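The structure under discussion appears below in the form of C-alpha cells.
Whatever order the structure lists them in is the order used to number ligands and atoms, beginning at 1. Values reported hereafter were calculated over all heavy atoms of this structure, with side chains retained and with hydrogens, waters and symmetry mates removed. Quantities reported herein were computed from a predicted structural model and do not represent experimental measurements.
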Amino acid sequence: MSQSDTIVWLNGRFLPLAEASISPLDRGFLFADAVYEVIPVYAKRPFLFKEHIARLTRSLHEIRMKMPMPVDEWANIISTLIDKNKIDDGMIYLQVSRGADVIRNHAVPFALSPTIFLMASALAPLDSATLQTGVSALTLADHRWARCDIKSTSLLPNILAKSTAASEQALEAILLADGMLREGSSSSVLIARSGTLLAPPYGPEILPGTTRDLCLRLANELDIAVTIAPITEHMLRQADEIMLCFATRGVLPVTRLDGKPIGAGTPGPLWQRLYAALAAYRQRVATEPFNT
Ligand SMILES: Cc1ncc(COP(=O)(O)O)c(C=O)c1O
C-alpha cells in the first residue's frame with residue numbers, strides 16, 4: 001500500500017492519512033503532552049496487546065489522565081486498521097494527547113477531550129544477514145528526563161541519540177548515566193555473563209519493556225538463570241553477549257559496541273535460544289484471542 005492509501009483512526013473516525021488533521025493548539029503538538037505505544041503485528045494480529053494496553057494505562061495515570069476508551073474499543077479499532085491496511089506483519093502506533101486547548105497554557109486545563117490517533121504500518125522482516133552478523137551499537141550519555149518509565153512522546157534526547165548512532169552506522173544508542181547502563185534509545189538492553197542473563201532493575205530511569213519482560217519469562221521457561229541487578233558500564237563492555245529488546249524487532253544481538261567486538265563478535269548462544277523461543281511463542285499464541 002502506498003502512503004496515500006493508508007487509513008488511520010483519529011478521534012472516532014477511520015479516514016485516509018492525508019485527511020487526518022489536528023489543531024495546532026493540541027497539547028501533544030505544543031508540549032509533547034502525550035503518551036504512546038507501539039504494538040507489533042504478526043500474522044495480522046496485535047502481539048502482547050494486553051501488556052501494551054496495561055503500559056498505556058500506567059503512562060496515562062502517571063501524567064494524570066484517564067484511559068479514554070474501554071479495552072474492547074482499542075481492540076476493535078486495531079483489528080479494523082490491520083484489516084483495512086492489509087497488514088500481515090507490522091506495527092500499530094497509537095498516541096493519546098491531552099487534547100487541544102483554546103490558548104497555549106502550561107497548566108493543565110480541566111475537561112479537555114484527548115486527541116487519540118492510531119495508524120498501522122507494514123514492517124519488512126529483518127534481513128537474515130543482520131541476524132547472522134548481529135548489529136552495532138554506540139554508547140552515549142543519557143540526557144533524558146527523570147521519568148523515563150512513562151512512555152511519553154517527548155523523545156528529543158532519544159532521537160538525537162539514535163541519529164548520532166545512525167551517523168556512525170550503529171543501529172542503536174545504548175545510554176549510560178553515572179557509569180551505569182540504562183537502556184537503548186528505543187530498546188531495553190540485556191546482557192549475558194557466564195550463562196546468566198542480566199537486566200537492570202526497573203525504576204524511573206528506564207521504560208518497562210514488553211519485549212524484555214517476555215524474553216525474561218521465556219528465559220525462565222528455558223531454565224536460563226536471570227538476574228535483575230544494576231549493570232555497570234564495565235559489565236556492559238565485558239559482557240559475553242548484549243541484546244536489544246523492542247516491540248518492532250523482538251530481540252537482536254549486539255556484536256559490536258563502540259566499534260569493538262562483544263564476546264566472540266558473533267551472535268551468542270543465549271541470544272540464539274531466546275530468538276528461537278520468541279519465534280515459537282509467537283506461533284503458540286497465534287490462534288489464541290488477543291484481547292482477553
Ligand atoms: C526507551 C525505550 N526503552 C525500551 C523500549 C522497549 O519497549 P518494548 O519492548 O515494549 O517495545 C522502547 C520501545 O520503544 C523504548 O523506546
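- The contact set between ligand 1 and L207, taken as ligand atoms under 4.0 Å from a residue heavy atom, comprises 2 (C), 3 (N), 4 (C), 5 (C), 12 (C), 15 (C).
- Taking the ring axis of F290 as reference, the NZ or CZ atom of K50 does not stay both within 45° of it and closer than 6.0 Å to the ring centre.
- Under the 3.5 Å distance criterion, the side-chain polar atoms of R104 are left unmatched by any main-chain donor or acceptor of L25.
- Comparing heavy-atom distances from atom 12 (C) of ligand 1 across S186, C215, S185 singles out S186 as nearest.
- Residue-ligand proximity, A247 to ligand 1, at heavy-atom distances under 4.0 Å covers atoms 8 (P), 9 (O), 11 (O).
- For atom 8 (P) of ligand 1, the nearest protein heavy atom (residue, atom name, distance) is T210 OG1, 3.5 Å.
- Screening L176, L190, V189, L181 against I231 for a side chain to side chain contact (heavy atoms under 4.5 Å, CB included) leaves a single residue, L181.
- Taking atom 9 (O) of ligand 1 as the reference point, the nearest protein heavy-atom neighbour is T211 OG1, 2.6 Å.
- Below 4.0 Å from some heavy atom of S188 lie the following atoms of ligand 1, by number and element: 4 (C), 5 (C), 6 (C).
- Residues D83 and T80 bring no donor and acceptor atom of their side chains to less than 3.5 Å of each other.
- Between E37 and ligand 1 there is no heavy-atom distance shorter than 4.0 Å.
- S185 and E172 form a side-chain donor-acceptor contact under 3.5 Å, judged by distance and modelled atom types alone.
- The G184 neighbourhood of ligand 1 comprises atoms 1 (C), with distances under 4.0 Å to a heavy atom of that residue.
- Residue contacts with ligand 1: R55 is placed with a nitrogen or oxygen under 3.5 Å of a nitrogen or oxygen of the ligand (distance criterion only).
- Side-chain contact between M243 and L252: absent, with no pair of heavy atoms (C-beta onward) separated by less than 4.5 Å.
- Ligand 1 has an N or O atom lying under 3.5 Å from an N or O atom of K151, backbone or side chain.
- No donor-acceptor pair under 3.5 Å is formed between the side chain of E183 and the backbone N or O of L175.
- The nearest protein atom to atom 3 (N) of ligand 1, hydrogens excluded, is given as E183 OE1, 2.6 Å; this is a heavy-atom distance.
- Residue-to-ligand polar distances keep H52 apart from ligand 1: every N/O pair is separated by 3.5 Å or more.
- The salt bridge (charged side-chain N to carboxylate O under 4.0 Å, His left out) contacts involving residues 18-35 comprise R27-D33, D33-R98, where partners must be two or more places apart or lie in separate chains.
- Where the criterion is an N or O separation shorter than 3.5 Å, residue side chain and backbone included, R144 fails it with respect to ligand 1.
- Taking the six-membered ring for Trp and thresholds of 30 and 60 degrees, Y93 and F117 have ring planes inclined between 30 and 60 degrees apart.
- Using a 4.0 Å cut-off to heavy atoms of C245, the atoms of ligand 1 that qualify are 6 (C).
- Considering backbone and side-chain N/O of P208, none are found under 3.5 Å from N/O of ligand 1.
- At a 4.0 Å heavy-atom cut-off, ligand 1 touches S187 through the backbone alone.
- Inter-residue side-chain proximity for P204 and C148 is flagged as unmet; no heavy-atom pair is nearer than 4.5 Å.
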